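Note sheet for the following structure.
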Amino acid sequence: MPEVFIDGKRFEYEGEQRLLQFILDNGMEIPFFCYHPSMSAPANCRQCMVKIGQPKKDRETGEFELDENGERKIVWFPKLQTACNTMIADGMVVLTQETDELVERAQKDTLEFILANHPLDCPICDQAGECPLQIQTYKYGPEGSRFEVKKVHKPKRVQLGPRVILDAERCINCTRCVRFTDEISKSHQLTIMQRGDKNYPVTAPGREFDDAYSLNTVDICPVGALTSADFRFKARVWEMNQTPSIDISNGKGCNIDLWTRDNLILRITPRYNEAVNDHWMPDIGREAYKLFNENRVQRPAQKLDDEQINSSWNNAFETLAEKIESTDKKEILFIGSPHASVEENYSLMTLANLLGAKTPVFTTNIIEGYGDGFLLDDDQAPNTNGCRLLGLEEKDAKSLKKEVKSAKLIVLLNDNLIDREVLEAGDLNDKFVAVFATNRTETSKVANILIPVTTAAEHAASYVNVDKRIQRTFPAKETKYTDRRLDIEMSEGRLDRYGTSFDNWVTEDNKVDCIPFWNFVSQLGERLGLKIELRNGREILDEISNKIPAFSGVSYEEMDVQSGISLGGKKETVKS
Amino acid sequence: MAYEFTKEDLEQIEKIKAKFPEVKPATLPVLWVAQNRFGHVEPEVQRLVAETLGLPEAHVHGVATFYTQYYKEKMGKYVLDVCTCLSCQLCGGYDILHHIEDKLGIKAGETTEDGMFSVQQVECLGACGYAPMLQVTNGKYVNHLTKEKVDNLIKALKEGKEPDYEQMEMPLRKV
Ligand code: SF4
Ligand code: FES
């Protein structure tokens, strides 16, 4: 197998590989800015300098020439090379900043140049704390600067597009953002204008940077030059918790991170998953963070004289139980939801089965032509395939209406059927409607009894995307009834760890008064004398995988190891 | 104002395109075609070039702004690039610049009202041996400038007479 020597250590490798990526993959480090594993490597930041040589071979015998100590003679490149665009070759010898003083010096001096016109405004910069320039200057940079002349000034607060703002002074012209629009989103909206120390990225004159994926440039910008118009100045990164999750605003199921502070989701960023979304996600998915914070249903409510009045949880259990008991089971319609998780839909099925009612139904939420063949799919719901695989009955709007007509009691699991015009409010007149909802909507308004349930940000639950890949979320945000310190799946940030309820940065109101749907079902079952034991997502999924063949072998552990499991659908890799 | 290439321009552009395996490298020469036609490549013209070549507008904009020789705004009929880089500066480049500014009643970077002249202060044009010097509209160099030489030049240009190419004597190559 071909070999390469890095800082005196021997590594074997296979296939074509970029030196920089190989070094990173093997747990070593070289500072770099312009390189990105999913894009071309133009080598324009010059930060990843290393010393490279090849062993000398005798042309006749093909043997390595040896020096007097029996070591291979090395022919060094006359100058230092950039690791990012160097392909490894057999026998290559590489010295990094760890073992070579010249390399260390070169990297330091490159940083001094990169910083020559950088404003060094980290204290007021959004990127601080997650800034490659900041980190690498700290690790490899010079202590000061020999440039004593005035810095070049460039435009600040340029609204490049509706969602992205540019501070041209911070830009180090790595061209990652430009390459993103050229190679990944293919909108070709950005370019670098001017040259020398005057250059910075712009759109063509009079054009907006309104790419549907524009916010990815904010993620990959290695400095604070591109910031999100929505998120900027909201929080310092080190005050937030980062929790892995799944995008629930589209059927693609992009892997994401939820960033929380004080139990509010402040931003959503993509999480790398080669099989789903690579490093990217659409802008629209990031806006979904509002769903978790705003307009939430809090405490159960019951409709009295056409007005929803907050009630106690006990009242909610009692009222619904009584309704179920007094209704002919054939006249109960359970409506599942492609917007709810596998576990929630399964809980609904369990309840329906034990009551001897009909199997729950659901309608898809697909907008033909909405998808773009990249990370936006026609399917607007995160779990359409989950409902199908569980065996819920798929109905179109017309037949659902018919079902509704013949029912007396309707139990609706988190699906805004009225908002998305599958049903009309009139269809539900003179029925008793129990709605389990996360947010206040036109649909939640019609509920005779409205019960708040947890969102994907508050429970661990799984979703099956359009490519039949099952992936799961982690709880990121506390409810009134959960506690970060007791739930080992929840991440704790500094503020969470040290704040008590009496600290002024802890806002009790940010914890929503809601419970997971399966908990409600279990307690309702107890009240109805049914044997239902649904305790948490993990156990429910184990039960599902035992009972339903489509899910066999699926568990949270396995999903965590493989970042999702393909349930027989076509396996797709995002490569643009 | 809507800009359009003439039929001849388009034929020329086709010829340029045929020289390269891809369209992208044609950006530079086609920007020249445009500048020769319209006298500048302001954003509207850049857009025309992008559309004609089927390239992203942003790309054409990037190329046009990279090179100072492309005029990104309307310029005078004659653009006087006066060098004030080191050699010219030492030999009186600034005196020449200021003389031109006074004479035309504009500052560097401006255009006269009649649209005849623009003056620019530029960096080294590679003619240090004949400093101080200036360049007329991306083309001819006028060397060893004196105030009289400048006056004559401006007078001639006003009459539509462009200067001739000057053969310069070099130490090792006598004319
Ligand atoms: S804005 Fe950021 S990503 Fe774009 S070129 Fe500048 S530093 Fe690179
Ligand atoms: S990462 Fe290698 S030159 Fe920028």
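For clarity, every value in this text was computed on a predicted model and none was experimentally measured. First the proteins, then the strands, lettered A, B, ... as listed; each starts at 1.
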Whatever's closer than 4.5 Å to a heavy atom in chain A on B/Glu42 counts as neither
Worksheet item: Within a reach of under 6.0 Å around NZ of B/Lys140, are more than 12 heavy atoms found that belong to other residues, nucleotides or ligands?
Response: yes
Neighbour count above 12 (heavy atom, 6.0 Å) for B/Ile154 CD1: yes
message: Is there a side-chain contact between A/Thr203 and B/His61 in this structure, where contact means two heavy atoms from C-beta onward sitting under 4.5 Å apart?
response: no
Any B/Arg47 side-chain heavy atom under 4.5 Å of A/Arg207 side chain: yes
Here the gap from A/Thr191 atom OG1 to B/Glu57 atom CD, rounded to the nearest 0.5 Å, amounts to 11.5 Å
When every non-hydrogen atom of A/Ala204 is compared with those of B/Ala58, the smallest separation belongs to CB-N, 3.7 Å
Per-residue tally against chain B (heavy atom, under 4.5 Å) across A/Gln189, A/His188, A/Lys198 peaks at A/His188
Please say whether more than 12 non-hydrogen atoms of neighbouring residues, nucleotides or ligands are located less than 6.0 Å from CD in A/Glu16. no
Heavy-atom neighbours of A/Lys156 NZ exceed 12 at 6.0 Å: yes
When rounded to the nearest 0.5 Å, the distance separating CZ of B/Phe66 from CG of A/Asn199 is 8.5 Å
Test item: B/Thr65 side-chain N/O and A/Met193 main-chain N/O as donor-acceptor pair under 3.5 Å:
no
Should the heavy atoms of other residues, nucleotides or ligands under 6.0 Å from CZ of A/Phe147 be counted, would the total exceed 12? yes
